[in-house]
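Working notes for the structure below.
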Amino acid sequence: MDKFTTLTAVAAPLNVANVDTDKIIPARFLKTIKRTGLGKSLFADMRYNADGSEKADFVLNQEKYRKAQILVAGDNFGCGSSREHAPWALLDFGIRCVIAPSFADIFFNNCFKNGILPIRLPEDVCAKLMDDAALGTNARLTVDLERQVVVRPNGEEFAFNVDPFRKHCLLNGLDDIGLTLEHTAAIDAYEARQPAWQPKIHGA
Amino acid sequence: MPRTLFDKIWDAHVVDRLEDGTCVLYIDRHLVHEVTSPQAFEGLRMAGRKVRRVENTIAVVDHNVPTDADRLKGVNEPESKLQIETLEQNVAEFGVTYFPMSDARQGIVHVVGPEQGISLPGMTIVCGDSHTSTHGAMGALAFGIGTSEVEHVLATQTLLQKPAKNMLVRVDGKLAPGVTGKDIVLAIIGKIGTAGGTGHVIEFAGEAIRSLDMAGRLTVCNMAIEAGARAGLIAPDETTFEYIKGRPFAPQGQDFEAAVAYWKTLPSDEGAQYDKVVVLDAAEIAPEVTWGTNPEAVIPITGTVPNPADEPDEAKRGQMERMLSYMDLKPGQKIAGTKVDVVFIGSCTNSRIEDLRQAAAVAKGKHVAPGVRALVVPGSGLVKKQAEDEGTAQILIDAGFEWREAGCSMCLGMNPDKLTPGQRCASTSNRNFEGRQGPGGRTHLLSPGMAAAAAVTGVLTDVRELI
Ligand code: SF4
């Protein structure tokens, strides 16, 4: 996983509430056995016409947002299906940070596993950042994870919360599995304590 | 301190605690399917890791299997075929128990788990699928995870998690005839919204929930995720134990007795505290139907489509307008009488034998309306067989329904069963998002009886007029 420390980048505004993971990456693109290559299908139904041509008014099709690395989104972003293809598609497009008033739980969690930082900020703050984002390449936002602040182009800073453990993992690009395996002795001990009636799933 | 059902299951599975309160949580059951697992197995392989506990793990194909009778001759779609074959190689390489398409036990992962006695009270159950909340009806803590977490569970049999908050949704009183678990959960989502349960585990309780059979309870918990909850839960009781007894992977004989003794300790203690409590009156719940493109946009079948002009919040008003235009509905129009093109009875929400019986009871002696395509897709090969043996299937076939093989089918546009743009579908599934059943498709969520009523009349119909 790539580290996340500070990011200064163009932010794309997507002022729509309840953007579900079916919108982020429709089910027909889930038939891959890889994590990469989904960026071109990100937001497919919002981004392309039926004939595959781009919808000119969709934010990521506008020249100034083609290299956006931050997404400023509406309430309840990432609701619906648990598909990790949603953060994979965002990441493959180049998005490393999503800022919204609220997120659905599974999506929020999945972001951290892929080096994407999801940031919850109050509605009025998001509205300001949405305004900045509307300026496109003229206004880059800075996200400083170490200091836990989002910096507006005018220098104004907004503090955000992040779980300390997740922050540590993101800053250092740490793989959860490696960390959990340090608890192997405790897992062994737990398994040894399980009641005898607990059935096992065995063979055909 | 009095504890909730959730607290008890959580406490019983904490292996270790990190400094910041994150827990290493033990996972008793890991259900694996073809769509969200390939990258996880690939990760294990690259790191040279094994599946820690194959005896806690089961795999099944469901999401992109075709559901036509010829499917064993081969899967045509190259990408679906590759995902299925990849799963088959992975389960063989890592030694995981697997139900392939040719096995009668194959079906939708959330139907198979309870049916086989794999999902049991008090357990922690995960799957790379959000509707894992379904298994909460067994009195288990069950939730969906992403692929990185699938890999994490395969490698360590644990997850790193922080406890959720407790929410109680109590449905008091008795349900009216023709009103089902599906209507209860749609009414709940209508009331609390699609983010109403965010950060919480919802425990469903009250007389109306207690009176549901296991199929009804599974339907309710299935859609807890549509209210934004991490999981849904229903305390295990005699109905649960009766259901589990004798199932292939359940404890048998003395082990079963020991298990029941433990399971009886699980229900929430008197005086346990919840962070949020919502109460509904069952008598006020009618057969429900969604009119928009998220499950919160729901009304009773006797109702009218809401008018965006009545919505003071600008963002919400815009969203409603968009929904109405996508769904091609007019504000103020009666929802009953809306013409449908397709009827889909299936999905992990409503494809159990009890659901198919509800549909058959309505369709019996009638015929699918001209111009309507109606599909019935049983949740598992065993449900299919049971329906065939007992005559439920024949009633539906005689009424003109297509009778198909088990799988997710038209619940999501990932296999050959799809809506075409503009088609309107009365569906027993759980998501009415834009394009969910196929690009441009329009979905109305409702109960199996309501779906059958729409099939035989050709329009959205109050099922109570037909029973
Ligand atoms: S039936 Fe639908 S909701 Fe259920 S697991 Fe399959 S695709 Fe997901």
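In what follows, chains carry the letters A, B, and so on, assigned in the order in which the sequence lines appear, proteins first and then strands, with residues in each chain numbered from 1.
- Looking at B:Glu55, its side chain never comes within 3.5 Å of a backbone N or O of A:Ile201 through a donor-acceptor pair.
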Problem set entry | From CA spacing to verdict: salt bridge (charged side-chain N to carboxylate O under 4.0 Å, His left out), A:Asp105, B:Lys165 | CA-CA 12 Å; A:Asp105 288 331; B:Lys165 291 189 194 140; over 6 Å; no
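- Looking at B:Ala47, neither its backbone nor its side chain comes within 4.5 Å of chain A, counting heavy atoms on both sides.
- Note: A:Leu181 CG to B:Thr156 OG1 = 6.5 Å, rounded to the nearest 0.5 Å.
- Only the backbone of B:Ile145 comes within contact range of chain A, with at least one heavy atom under 4.5 Å from a heavy atom of that chain.
- Looking at B:Ala12, only its backbone comes within 4.5 Å of chain A, counting heavy atoms on both sides.
- Residue B:Val24 touches chain A through its side chain alone, counting heavy-atom pairs closer than 4.5 Å.
- By number of non-hydrogen pairs under 4.5 angstrom with chain B, the leading residue of A:Gln194, A:His85, A:Lys23 is A:Gln194.
- Between A:Glu191 and B:Arg52, at least one side-chain nitrogen of the basic residue sits less than 4.0 Å from a carboxylate oxygen of the acidic one, meeting the salt-bridge criterion.
- Under the 4.5 Å side-chain criterion, counting only non-hydrogen atoms from C-beta, B:Met414 is in contact with A:Leu30.
- The distance from atom CG of B:Asn430 to atom OG of A:Ser81, rounded to the nearest 0.5 Å, is 10.5 Å.
- In this structure, the portions of A:Ile177 lying under 4.5 Å from any heavy atom of chain B include both its backbone and its side chain.
- Atom CD1 of residue A:Ile106 and atom CZ of residue B:Arg230 lie 9.5 Å apart, to the nearest 0.5 angstrom.
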Exercise. Do B:Thr158 and A:His183 pass the side-chain hydrogen bond (donor to acceptor under 3.5 Å, both in side chains) test, and can you show the C-alpha distance, the side-chain angles, and the key distance before you say yes or no?
Worked result: CA-CA 10 Å; B:Thr158 66; A:His183 299 266; over 6 Å; no
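- Per-residue heavy-atom pair counts under 4.5 Å with chain A were compared for B:Gln319, B:Gln254, B:Arg49, and the maximum is reached by B:Arg49.
- Expressed to the nearest 0.5 Å, how far OG of B:Ser80 lies from CZ of A:Arg28 amounts to 13.5 Å.
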For this session: Run the numbers on A:Tyr190 and B:Gln157 for side-chain hydrogen bond (donor to acceptor under 3.5 Å, both in side chains), then give the verdict.
Result: CA-CA 11 Å; A:Tyr190 182 91; B:Gln157 206 52 49; over 6 Å; no
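- Contacts between B:Thr57 and chain A at a heavy-atom distance below 4.5 Å involve the backbone alone (N, CA, C, O).
- Under a 4.0 Å N-O distance rule, the pair A:Asp45/B:Arg436 does not qualify as a salt bridge.
- Of the listed residues A:Val16, A:Ile187, A:Asn110, A:Asn114, the one with more heavy-atom pairs under 4.5 angstrom with chain B than any other is A:Ile187.
- Side-chain contact, A:Asn109 with B:Glu149: a donor N or O sits under 3.5 Å from an acceptor N or O.
- Contacts between B:Gln161 and chain A at a heavy-atom distance below 4.5 Å involve the side chain alone, from C-beta outward.
- B:Gln83 places a side-chain N or O within 3.5 Å of a backbone atom of A:Thr32 that can act as its donor or acceptor partner.
- A distance of 14.0 Å separates OG of B:Ser130 from CZ of A:Phe107, quoted to the nearest 0.5 Å.
- Relative orientation of the A:Trp197 and B:Tyr262 rings is tilted, given thresholds of 30° and 60° on the angle between their planes.
- There is no contact between A:Ser102 and chain B, counting heavy-atom distances below 4.5 Å.
- We find that A:Asp163 and B:Lys162 are joined by a salt bridge, their nearest charged nitrogen and carboxylate oxygen being less than 4.0 Å apart.
- The distance from atom CG of A:Asp22 to atom CZ of B:Arg431, rounded to the nearest 0.5 Å, is 6.5 Å.
- For A:Lys200 and B:Asp28, the salt-bridge test fails: no basic side-chain N is under 4.0 Å from an acidic carboxylate O.
- The existence of a salt bridge linking A:Lys34 and B:Glu79 is excluded, since no basic side-chain nitrogen approaches an acidic carboxylate oxygen closer than 4.0 Å.
- Contacts with chain B were tallied for A:Asn18, A:Leu179, A:Thr180, A:Asn76; A:Thr180 has the most, counting heavy-atom pairs under 4.5 Å.
- In this structure, the portions of B:His13 lying under 4.5 Å from any heavy atom of chain A include both its backbone and its side chain.
- Neither the backbone nor the side chain of A:Asp75 comes within less than 4.5 Å of any heavy atom of chain B.
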For this session: Start with the C-alpha distance between A:Cys79 and B:Thr194, add both sets of side-chain angles, then the distance that settles side-chain contact (heavy atoms from CB on, under 4.5 Å), and finish with yes or no.
Result: CA-CA 8 Å; A:Cys79 56; B:Thr194 52; 5.7 Å; no
